[in-house]
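If you're wondering where the values come from, they're calculated on a predicted model, not measured in any experiment. In what follows, chains carry the letters A, B, and so on, assigned in the order in which the sequence lines appear, proteins first and then strands, with residues in each chain numbered from 1.
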Number of protein chains: 2
Amino acid sequence: MIRRPSHARERGIPEATVARLPLYLRALNGMSERGLATVSSEDLASAAGVNSAKLRKDLSHLGSYGTRGVGYDVEYLIYQISRELGLTQDWAVAIVGVGNLGRALANYGGFVSRGFRVAALFDADPEVVGDHIAGLNVEHIDDLEAVIRRRGVSIVVLATPAAAAQQVADRVIAAGVTSILNFAPVVLTVPEGVDIRKVDLSIELQILAFHEQRKTDRMSGGPAMAEEWPEAVDL
Amino acid sequence: MIRRPSHARERGIPEATVARLPLYLRALNGMSERGLATVSSEDLASAAGVNSAKLRKDLSHLGSYGTRGVGYDVEYLIYQISRELGLTQDWAVAIVGVGNLGRALANYGGFVSRGFRVAALFDADPEVVGDHIAGLNVEHIDDLEAVIRRRGVSIVVLATPAAAAQQVADRVIAAGVTSILNFAPVVLTVPEGVDIRKVDLSIELQILAFHEQRKTDRMSGGPAMAEEWPEAVDL
DNA sequence: GTCCCTTTGTGAAGCGATGCACAAAGTGAA
DNA sequence: TTCACTTTGTGCATCGCTTCACAAAGGGAC
């Protein structure tokens with residue numbers, strides 16, 4: 001059996017590094033398309049929007065894949081990062097909830113590009129069950145467990161209304177799924193060993209609003225409009 | 001002029017805390033609807049999916065709004081967090097790019113709920129300009145600057161193809177916008193003082209795939225399928 | 001082979017966030 | 001008033017990530 005270089009920490013890549021690897025991969029793919037053979041940490045870092053020291057440390061966690069004085073071989077690095085991220089196999093993804101957002105996700109091309117294949121769509125509304133979206137038949141949520149098992153789905157995207165999300169999560173987890181991407185604005189409770197990632201548009205906007213408010217406050221010279229909590233309310 | 005309590009760090013809330021405030025706010029709104037008057041840090045923390053020490057430290061950055069032995073007044077805390085996040089005013093948001101995703105965002109209800117109002121939709125495709133989506137007329141991208149200024153848009157959501165995103169960002173920034181939520185899979189370069197937040201479905205999936213691969217590797221007892229880099233490729 | 005130049009990989013310091021553990025502060029009962 | 005109990009606010013140790021700065025390693029010219 002062939003092992004990876006011993007100085008690469010066997011199974012210990014920092015979470016922050018993992019979150020940046022897809023960024024590097026995308027930048028490298030662009031360079032590959034433009035025909036670049038090698039790239040320096042400086043150039044790759046700036047294409048990915050990080051500084052070069054961070055990039056080098058990140059890559060050093062995968063192994064020693066660069067050449068001093070030269071840089072990194074673009075194709076080789078693409079292969080190594082892809083392998084580390086698990087993109088050399090392909091993953092069957094199911095989308096639950098085919099409302100506006102679910103439809104948009106199903107049709108989103110960037111999805112399929114790298115290792116991911118939308119393998120099933122589910123909804124509870126009899127009105128949309130049976131529709132064809134992005135070449136797929138929308139299945140009824142009653143068949144969730146059976147279809148997940150049959151098609152080997154390992155990642156589920158939740159695009160249901162908030163009220164349904166926890167219940168659906170429980171069911172897909174019971175069916176063996178351990179990776180969930182949640183678009184519903186609720187905090188999901190899941191057993192240990194299940195990975196959840198959350199995307200919440202409303203939260204992102206609120207964070208932007210906080211900084212935006214700060215910027216405008218600063219312009220107008222302080223919190224002149226601060227108001228007291230209305231006296232009428234009982235404290 | 002009324003000031004906030006002096007022990008609250010005047011303009012110094014940690015970024016990690018800001019990112020969690022919307023979570024607390026959502027949990028509090030649920031409690032308010034269920035008629036709860038007060039809540040302990042323990043209960044609120046568990047509703048928001050964090051531990052109670054973190055919650056208390058986060059809230060302490062806003063001021064001392066709890067009562068020892070009792071907990072926090074739900075309505076009062078909602079008010080304080082809303083004010084800190086800048087949700088007591090409402091923000092005009094523009095969505096650029098009315099493809100699948102842009103449409104879904106325009107129709108997304110959770111948007112409007114708290115302080116945000118979709119004030120304009122833009123697209124470059126003459127085919128969709130003039131369409132009515134979620135009660136709004138889709139405007140041509142040529143009118144971007146004029147409409148942004150006229151309607152006081154301060155936050156822009158980018159849902160354009162990747163190739164157009166940087167160019168659109170440059171234009172909205174030139175028009176005075178300093179907060180952007182970017183759904184396009186590109187690294188945007190922006191001047192200092194402009195806040196960008198990024199949402200990238202593909203990256204989220206890749207992170208999940210990494211962990212999923214790890215879990216299955218562990219089950220099958222090691223990286224038995226690891227392959228050498230094909231010899232044919234020049235290194 | 002030797003020298004110079006470039007670029008990687010990493011030790012170490014710095015920085016911010018997390019979580020523990022407890023003193024301080026409040027409630028309610030007697 | 002005093003006492004027992006609850007819950008906040010925070011000092012402090014710890015942890016993980018970032019950044020600096022440089023030794024080590026490789027390439028190319030001569």
Distances under 3.5 Å between nitrogen or oxygen atoms of protein and nucleotides 18-20 of chain C:
| unit_1 | atom_1 | unit_2 | atom_2 | d |
| --- | --- | --- | --- | --- |
| C:dT18 | OP1 | B:R20 | NH1 | 3.0 |
| C:dT18 | OP2 | B:R20 | NH1 | 3.4 |
| C:dT18 | OP2 | B:R20 | NH2 | 2.9 |
| C:dG19 | OP2 | B:N51 | ND2 | 2.7 |
| C:dG19 | O5' | B:N51 | ND2 | 3.4 |
| C:dG19 | O6 | B:K57 | NZ | 2.5 |

- Which of residues 25-35 of chain A sit near DNA chain D, with a heavy atom under 4.0 Å from it?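 Contacting residues: none.
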
- Task: Take B:Q80 and B:Y76 through the side-chain hydrogen bond (donor to acceptor under 3.5 Å, both in side chains) test and state the conclusion after the steps.
- Result: CA-CA 6 Å; B:Q80 290 297 350; B:Y76 186 51; 3.3 Å; yes

- Query: So which heavy atom on A:L44 is nearest to which on A:Y24, and how close?
  - Reply: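 The pair with the smallest heavy-atom distance is CD1-O, 4.2 Å.
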
- Locate the shortest heavy-atom distance separating B:W91 from B:G86; write the atom from each residue and the value.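 Looking at all heavy atoms of both residues, the closest pair is NE1-O, 2.7 Å.
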
What is the distance, rounded to the nearest whole Å, between atom [atom1] of [X] and atom [atom2] of [N]?
X	N	atom1	atom2	value
B:Y76	D:dT8	OH	P	16 Å
B:E42	C:dA21	CD	P	15 Å
A:D43	C:dT8	CG	C1'	14 Å
A:H61	C:dG11	NE2	P	11 Å
B:L55	D:dT8	CG	P	8 Å

Donor-acceptor pair, [X] side chain versus [Y] backbone, under 3.5 Å?
X	Y	result
A:S40	A:D43	yes
B:K215	A:T178	yes
A:Q166	A:T189	yes

- Query: Could you go step by step and tell me if B:S202 and B:Q206 meet the side-chain hydrogen bond (donor to acceptor under 3.5 Å, both in side chains) rule?
  - Reply: CA-CA 6 Å; B:S202 166; B:Q206 290 177 45; 3.1 Å; yes

- Item | Beyond-backbone contact of B:I180 with B:D195, side-chain heavy atoms, under 4.5 angstrom |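 They are not in side-chain contact.
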
- Item | is_close_aromatic(B:Y72, B:Y65), centroid dist under 6.0 Å |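 That pair fails the under 6.0 Å test.
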
- Neighbour count above 12 (heavy atom, 6.0 Å) for A:Q89 CD: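 Yes, CD of A:Q89 has more than 12 neighbouring heavy atoms, counting only those of other groups under 6.0 Å.
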
- How about B:E15: does its CD atom have over 12 heavy atoms from other parts shown lying under 6.0 Å from it?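 Yes, enclosed.
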
Pairs: protein N or O with nucleotides 4-7 of chain D N or O, under 3.5 Å:
| unit_1 | atom_1 | unit_2 | atom_2 | d |
| --- | --- | --- | --- | --- |
| D:dT7 | O4' | B:G69 | N | 3.1 |

- Task: For B:E15, answer base if it contacts any base atom (sugar-phosphate contacts may also be present), sugar-phosphate if it contacts only those atoms, and nothing otherwise; contact means non-hydrogen atoms under 4.0 Å.
- Result: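 Sugar-phosphate, no base atom in range.
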
